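Below is one structure, written out as structure tokens; comments come after it.
Bear in mind that the values here come from a model prediction, so they are computed numbers and not experimental data.
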Amino acid sequence: MIAIIEQLVRPPPRETEGERVLASTLLVLLWFGTLSALAGLLVFHVLDAEAVPAVALMKALAWACLGVGVSSLALTYRGSLRAASWVFFVAFAAIMATMVLVSGQGSASPYLNGGIMAALLAGLLLGWRAAMAMAAVHVVLVVTLFALEQLGRLPPGLIPPEPRVDAIVRVVVDGWILIALGLGLRRLTRARASLERTVEERTIELRDARDAAVRASQAKSEFLANMSHEIRTPMNAVIGMTGLLLETELDARQQSFAEIVRSSGETLLALINDILDFSKIEAGGLVIERAPMNVRECVETAVEVLGVAAASKGIELSALIEPDVPVAILGDATRVQQTLVNLVGNAVKFTGEGEVVVTVRLGERGLGDDARELHFSVRDTGVGIAPDKLSGLFRAFTQEDASTTRRFGGTGLGLTICKLLVEAMGGRIWIESERGVGSTFHFTIVGASTPYARPQYLDDAQPRLEGTRALVVDDNETNRRLLRLQLESWGARPTLAESGAVALELLEGGARFDYALLDMHMPAMDGLELATRLRETPGGESLPLVMLTSLSQRERAPASSLFAAFLTKPIKASRLYNTLLGLLGAGVPTQASRAGEEDELGKPALSRVARVLIAEDNAINQKVASLSLRRLGVRAAVASNGLEAIQALLDVEYDLVFMDVHMPELDGIEATRRIRARADVRQPYIAAVTANATVKDRARCLEVGMNDYISKPYRLRDMYGVLERFERWRTGGGAASERDTLDAGALDPAALENLKELLGTDERAKIEGFLEDVLPDIESLVETLVDAAARADASAVTVAAHTLKGNCGTVGASELSALARTIEAQAQRGTLEDLDEQLASMRPALARYHDAVARARARW
């Protein structure tokens with residue numbers, strides 16, 4: 001019997017688990033209804049017709065139920081599950097409504113329970129929408145009955161109340177309800193089991209996908225590291241060789257060209273680093289440094305890099321920094337330059353004629369304490385951008401014109417990177433544009449003002465230039481306005497002329513000037529022709545002339561005799577200032593004095609001739625490092641990888657090794673481990689050399705036994721610092737190695753030199769005074785941070801860690817700065833549970849920094 005029942009309720013084969021569950025549930029309900037109808041027919045057949053006058057009507061309804069059940073079963077076995085369900089429910093609702101109406105009992109009819117059962121079964125089989133539909137039918141029926149009762153229009157009952165019939169109906173309806181509940185629980189159980197299986201399968205898939213992503217990420221990281229090394233290597237050579245070139249005797253033009261090459265190379269190197277780290281930016285791993293940033297130098301360098309491109313298109317490129325902009329803020333100069341170079345580069349690319357102007361002013365947002373908002377804008381007179389393209393401009397890989405026939409190339413990543421960088425620096429970026437008129441990109445950054453050596457050209461009092469009469473001849477109105485503002489800030493009295501003809505009229509009219517600034521490229525009469533005419537005009541025979549020219553314009557031969565100086569556009573305020581002082585005989589240092597820059601560094605006073613080894617795989621970098629050391633009076637041998645370095649140390653007792661970290665065959669990290677583990681090698685002083693200049697990389701190098709650390713490219717001052725520290729290490733004996741390693745981790749070796757540049761002085765008293773003012777603030781911030789963490793105040797921890805990170809970066813507290821950066825990142829996510837180790841390390845790290853500073857001050 002059980003086998004027969006199971007065969008009857010076994011659903012036909014279905015594709016999905018949901019269909020199989022629906023079919024089995026529907027079969028149970030339909031078989032119960034069909035068998036109930038058969039049982040009803042049997043009961044009504046044996047009932048006494050006189051006792052039950054309406055037995056014929058009840059038999060008809062029972063036959064109707066039987067017919068509905070058989071029809072629905074046939075549809076179910078054919079696979080039409082939803083059709084079978086709706087046939088069953090519609091017919092059942094009609095039968096129940098008929099029974100309610102013919103009972104004559106109105107809203108008290110026992111058959112009304114059938115509507116509730118229909119809604120319940122519909123929800124079980126077809127979902128909540130079907131349940132709501134059946135419930136709505138039931139509500140309509142109940143409201144209709146209630147209204148008929150109130151109006152006295154209720155039809156007379158065709159079926160007199162009969163307890164036995166009512167009992168049979170209630171048994172059937174209640175049975176259906178109980179079966180529905182049981183089937184519902186069964187469906188929930190099977191659904192839960194199915195869901196658990198699905199979750200387990202998805203978990204396995206996600207775990208496999210995660211593992212694959214981790215492996216892919218590791219592979220990508222290794223590829224980026226190798227690619228980064230390969231790309232950086234020639235750039236390091238360019239920067240290193242240019243630095244050596246700048247140490248030679250150069251005239252003013254050569255010096256200007258070489259400086260642009262070096263600054264452009266360094267900017268390009270920074271851009272390459274950022275592009276290679278784009279995946280890190282997307283992953284939220286972007287780190288913004290907080291270090292003293294000279295705002296004017298940052299902007300002028302970024303603009304100067306694109307001077308050649310602008311000049312080649314005949315575009316005027318200039319920059320205006322408002323006088324109230326602070327000299328320096330705590331910010332990330334590299335990121336700001338990257339953003340400016342990208343925006344200015346786009347402006348130059350999309351401008352056919354006219355000008356590109358960069359403006360910097362104080363932002364409008366009111367910020368507390370020493371915080372400053374700087375507002376940068378890059379305005380061009382280019383093609384402009386269509387209004388419908390503005391909304392997607394900062395999305396990755398999006399360009400205004402993405403067709404294959406577009407005039408302008410590019411990946412569409414530049415503005416996306418700019419947006420990410422600006423937002424990471426606490427600012428925002430937006431655009432104003434009009435098609436055919438031009439565009440203006442705006443962005444803001446936030447940073448605290450910081451002490452900085454104020455350049456002489458920014459002094460309020462300029463007695464050597466105050467009252468001097470200047471003639472400015474330039475056809476570009478923006479350039480005239482910028483030069484006027486700059487000259488007036490020095491107390492000079494500029495007279496502006498928009499053409500050569502106007503300038504000649506001024507001199508012919510009796511106007512007299514102390515010097516003149518002439519634009520080379522002007523319509524009708526260029527700067528060279530104007531200079532020739534001025535020499536023939538009274539008052540202009542001996543007038544000192546300065547040509548304002550671009551790198552793309554070669555001066556004609558007579559120019560050297562007509563002009564006292566040449567300035568390359570865009571004009572840097574410091575260069576203009578020095579040029580004017582030179583014209584007026586104010587004793588500005590000449591270029592010839594730069595040949596003695598080597599003497600500013602001097603040569604380290606080595607107690608004996610040191611044997612130096614350079615472990616570097618790139619031939620050009622080998623040459624750069626060797627030449628740099630030779631300028632410092634040191635000759636060095638060269639090894640091309642870690643294996644050669646170890647062999648060289650076995651053959652010769654070298655005192656100092658410059659160890660490149662990334663080398664083929666055997667890298668610098670593993671080579672150092674092997675050197676430190678060998679008893680047959682006289683242990684040298686090892687300085688790591690790497691392009692990855694982070695605290696984590698420095699700690700990794702020091703952990704394996706390296707004594708020092710410098711970042712690429714090879715710079716003369718950095719190598720000089722290594723030689724100085726090596727000499728102190730050697731004269732203090734080999735036992736000092738561990739102490740020096742600890743100092744290097746707690747105190748940035750270049751910190752004191754950075755402080756000298758920051759404060760603009762080499763006086764020990766001023767530097768010590770600055771440290772004495774700053775160190776108590778750092779101690780207080782450490783205590784504030786630890787107390788806030790104890791209170792689980794994530795907001796206070798974030799503020800204290802952020803401030804501590806910036807202050808430690810300024811004074812070279814490397815270990816403290818790294819700890820503060822980690823704590824800040826964790827606090828920003830609102831979780832302080834995993835910071836016990838970092839918080840416990842704060843006070844010991846502060847103590848190590850104090851000790852390192854004390855030892856450094858003792859060696860001054």
[X] vs [Y] side-chain heavy atoms within contact, under 4.5 Å:
{"X": "I385", "Y": "I431", "result": "yes"}
{"X": "V299", "Y": "V358", "result": "yes"}
{"X": "I329", "Y": "P326", "result": "yes"}
{"X": "H375", "Y": "H442", "result": "yes"}
{"X": "F566", "Y": "V546", "result": "no"}
{"X": "F376", "Y": "T359", "result": "no"}

When you measure from the side chain of [X] to the backbone N and O of [Y], does any donor-acceptor pair fall under 3.5 Å?
{"X": "T549", "Y": "M520", "result": "no"}
{"X": "R435", "Y": "G384", "result": "yes"}
{"X": "K313", "Y": "T351", "result": "yes"}
{"X": "R480", "Y": "D475", "result": "yes"}
{"X": "T444", "Y": "E373", "result": "no"}
{"X": "W490", "Y": "Y457", "result": "yes"}

Discussion item. Between D519 and K569 (salt bridge meaning N to carboxylate O under 4.0 Å), is one present in this structure?
Written reply: yes
Please find the pair of heavy atoms, one from [X] and one from [Y], that lie closest to each other, and give the distance.
{"X": "A302", "Y": "L340", "answer": "CB-CB, 3.8 Å"}
{"X": "T478", "Y": "S318", "answer": "CG2-OG, 3.8 Å"}
{"X": "L567", "Y": "R575", "answer": "CD2-CG, 3.6 Å"}
{"X": "P494", "Y": "R484", "answer": "CG-CG, 3.9 Å"}
{"X": "A347", "Y": "V378", "answer": "CB-CG1, 4.1 Å"}
{"X": "S628", "Y": "M719", "answer": "CB-SD, 3.6 Å"}

Does atom NZ (K572) have a neighbourhood of more than 12 heavy atoms from anything else shown, all under 6.0 Å?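 Buried by this count: over 12 neighbours within 6.0 Å.
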Next on the checklist: Can you confirm whether more than 12 heavy atoms, excluding those of E477, are under 6.0 Å from its CD atom?
Outcome noted: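 Check fails, neighbour count at 12 or below.
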*asked:* Set out, in order, the CA-CA distance, both residues' side-chain angles and the distance that settles side chain to side chain contact (heavy atoms under 4.5 Å, CB included) for V422 and R335, then state yes or no.
replied: CA-CA 8 Å; V422 168; R335 304 298 186 183; over 6 Å; no
Note to self: Is there a side chain to side chain contact (heavy atoms under 4.5 Å, CB included) between V661 and V689? Walk through the geometry before answering.
What the structure shows: CA-CA 6 Å; V661 171; V689 183; over 6 Å; no
Say you draw a straight line from [atom1] of [X] to [atom2] of [Y]; how long is it, rounded to the nearest 0.5 Å?
{"X": "S574", "Y": "E297", "atom1": "OG", "atom2": "CD", "answer": "7.5 Å"}
{"X": "D380", "Y": "L317", "atom1": "CG", "atom2": "CG", "answer": "11.0 Å"}
{"X": "I571", "Y": "L517", "atom1": "CD1", "atom2": "CG", "answer": "8.5 Å"}
{"X": "L415", "Y": "L343", "atom1": "CG", "atom2": "CG", "answer": "6.5 Å"}
{"X": "S433", "Y": "F441", "atom1": "OG", "atom2": "CZ", "answer": "7.5 Å"}
{"X": "L374", "Y": "C298", "atom1": "CG", "atom2": "SG", "answer": "10.0 Å"}

[Y] and [X] side chains, donor-acceptor separation under 3.5 Å:
{"X": "Q486", "Y": "Y577", "value": "no"}
{"X": "T301", "Y": "E304", "value": "no"}
{"X": "N479", "Y": "E316", "value": "yes"}
{"X": "T381", "Y": "E355", "value": "no"}

Tested for side-chain contact (heavy atoms from CB on, under 4.5 Å) against I445, the lone hit among D332, V336, V295 is V336
* Asked: Can L785 and V797 be said to form a side chain to side chain contact (heavy atoms under 4.5 Å, CB included), step by step?
  -> CA-CA 5 Å; L785 176 57; V797 170; 3.5 Å; yes
Next on the checklist: Show, in sequence, the C-alpha distance, side-chain angles and deciding distance for M293 and L330, and conclude whether the side chain to side chain contact (heavy atoms under 4.5 Å, CB included) test is met.
Outcome noted: CA-CA 6 Å; M293 178 188 83; L330 288 177; over 6 Å; no
